[in-house]
Student: 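Shown below is the structure under consideration.
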Number of protein chains: 2
Amino acid sequence: MSTLPGRRRGPSKGDRREQAILETARALLARKPLADITIDELAAGAEISRSSFYFYFDSKLAVVVALLHGITGELGRDAGPWLDGDGPDAESLRAALSALAVLWRDQGRLLTGAFAAAPGCPPLAQWRDGLRAAHVDRLAARIERDRAAGRAPAGPAPRVLAGLIDDLRTAAFAGTADPEALVDDLVTVELRMIYGDFGGSPLGRVIRQAP
Amino acid sequence: MSTLPGRRRGPSKGDRREQAILETARALLARKPLADITIDELAAGAEISRSSFYFYFDSKLAVVVALLHGITGELGRDAGPWLDGDGPDAESLRAALSALAVLWRDQGRLLTGAFAAAPGCPPLAQWRDGLRAAHVDRLAARIERDRAAGRAPAGPAPRVLAGLIDDLRTAAFAGTADPEALVDDLVTVELRMIYGDFGGSPLGRVIRQAP
DNA sequence: TTCGCAATCGACAGTATGTCGAAAAAGTCG
DNA sequence: CGACTTTTTCGACATACTGTCGATTGCGAA
């Protein structure tokens, strides 16, 4: 079996160094954007020479990929109830978005850098695409379910709509210094994108009326 | 009065060269992303040496800024009827989005590159912010008008909502190879974001019902 | 202890950016 | 036409990063 790309192999001695590099990267990302971080700094932070850095990682982006692997699991965390649920369930959507916002608050520079560098770096692009696809697939399925059951109005193809929602999240969180402040508004907006309808609507109609 | 930053001054001889550089940049951007374009290529395209390039522009980004100046006017073109109008006017919104989509279709690489490089390049950031502010201001005012007149339900603060809509547009157009195909769906989605309401809505209610 | 792999580093080579000062082309004006 | 100024051009440098190679050191196991 192949280990992570970049790292040659072996058990544990230099593993502490590998950790040190990751740790340094995390620390630096808290202070400045990815583009401003050089391999020298990463190596210095781990107390090795610049060329030794290449023993552990193939490039700066490889470090990012490793860092990303550590948080990929959390990216979808708490989204289950919303994605597997039914109808305009504001509470479960808020839970999903809150968890995501916290992640963006803590790892904003990493995520922004990763998304920015994705085109032109196959592994990053693949990571981004996989993440997006996972979200879009489930959300599109949810939309389809709701439409079939008459809980949501017709509209853009489910996958397209789901894609737009995913884009919106990323853009919104990437563009603000305080992602958590956006959660409530995103809840409203996403629900409207899926369930929103209004009298002048060209297609579809109001499914449920206020009592 | 100061001319465009980067260009020293003077009348006309080397102006053709300046144009040649811009033209080369345009041509190259049609084939590859901004990040893959080097100053050598730009200079070669204008048939001057690399160091002569610096006589005309301070950097690659300065060329981008100049290119951007040429299309900034078009970015808001055809948005007037929508932004100055009233209510869920799908037709005028579609007109605004169509014009924008064409621009993204033709200048996608330039715009994507500009948005990506904006953080870390003050002039680009300023251009982006100005553009966004102009759109957000007018759209927020429109939302406010509609809400005051009872044509739109309550929801996120107008400026925030307008910001989200602006983010969505940029993200959606930047992320697709065929912006025009998204126009109809964006029309639906933006209208829902502003006017959409549904039975389970926590706030607000259906303003107009289908006959 | 000695063999082999993990780990480290210095020296190089490559690519891109940006700066300087000297010189060549173009204008200008008497 | 010449002298003089301004525009334009370029080669030579200096700098910053990236990535590669080969030699060497450390260290654990047979």
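Note: hydrogens, waters and symmetry copies are ignored here, and every other heavy atom, side chains too, is used. Naming convention: chains lettered A, B, ... in sequence-line order (proteins, then strands); numbering from 1 in each chain.
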Student: Which atom pairs link the protein and nucleotides 10-12 of chain C when you take only N or O atoms and keep those under 3.5 Å?
Tutor:
| residue | atom | partner | partner atom | Å |
| --- | --- | --- | --- | --- |
| C:dG10 | N7 | A:Ser51 | OG | 3.1 |
| C:dG10 | O6 | A:Ser51 | OG | 3.1 |

Student: Taking CG from B:Asp40 and C1' from C:dT15, how many angstroms apart are they, rounded to a whole number?
Tutor: 9 Å

Student: Rounded to the nearest Å, what distance is computed from the CZ atom of residue A:Phe53 to the P atom of nucleotide D:dT18?
Tutor: 9 Å

Student: Among residues 23-39 of chain B, which ones have heavy-atom contacts with DNA chain D below 4.0 Å?
Tutor: none

Student: Salt-bridge test for A:Asp197 and A:Arg192: reply yes if a basic N is under 4.0 Å from a carboxylate O, no otherwise.
Tutor: no

Student: Rounded to whole Å, how long is the line connecting atom CZ of B:Phe57 with atom C1' of C:dG18?
Tutor: 16 Å

Student: Select one nucleotide: of D:dT8, D:dC10, C:dT8, the one nearest the side-chain heavy atoms of B:Tyr56.
Tutor: D:dT8

Student: Under the side-chain contact (heavy atoms from CB on, under 4.5 Å) rule, what do B:Leu68 and B:Leu124 come out as? Steps first, then yes or no, please.
Tutor: CA-CA 9 Å; B:Leu68 253 16; B:Leu124 276 185; 3.5 Å; yes

Student: Could you give the NZ-to-C1' distance, from B:Lys60 to C:dT17, as a whole number of Å?
Tutor: 10 Å

Student: Calculate, to the nearest 0.5 Å, the distance between atoms CD and CG belonging to A:Glu190 and A:Asp166 respectively.
Tutor: 9.0 Å

Student: A:Glu41 and salt bridge (Lys or Arg N to Asp or Glu O under 4.0 Å): which single residue from A:Lys32, A:Arg31, A:Arg50 fits?
Tutor: A:Lys32

Student: Tell me the interatomic distance from A:Phe55, atom CZ, to D:dT20, atom P, rounded to whole angstroms.
Tutor: 15 Å

Student: For residues 86-104 of chain A, which residue pairs qualify under side-chain hydrogen bond (donor to acceptor under 3.5 Å, both in side chains), counting only residues two or more places apart or in two chains?
Tutor: A:Asp86-A:Arg151, A:Asp89-A:Ser92, A:Glu91-A:Arg94, A:Arg94-A:Asp184

Student: Supply the atom-to-atom distance B:Leu110 CG to B:Leu67 CG, rounded to the nearest 0.5 angstrom.
Tutor: 5.0 Å

Student: Heavy-atom count around B:Glu74 CD within 6.0 Å, excluding the residue itself: above 12?
Tutor: yes

Student: Atom CD1 of A:Ile37 and atom CG of A:Leu29: how far apart are they, to the nearest 0.5 Å?
Tutor: 4.0 Å

Student: For the pair made of CD in A:Glu41 and C1' in D:dT18, what is the distance, rounded to whole Å?
Tutor: 14 Å

Student: Can you measure from CG (B:Leu168) to CZ (A:Arg169) and round to the nearest 0.5 angstrom?
Tutor: 13.0 Å

Student: Write down the distance between CG (B:Asp15) and P (D:dT8), rounded to a whole number of angstrom.
Tutor: 7 Å

Student: Using whole Å, report how far CZ of B:Arg16 lies from C1' of D:dT8.
Tutor: 13 Å

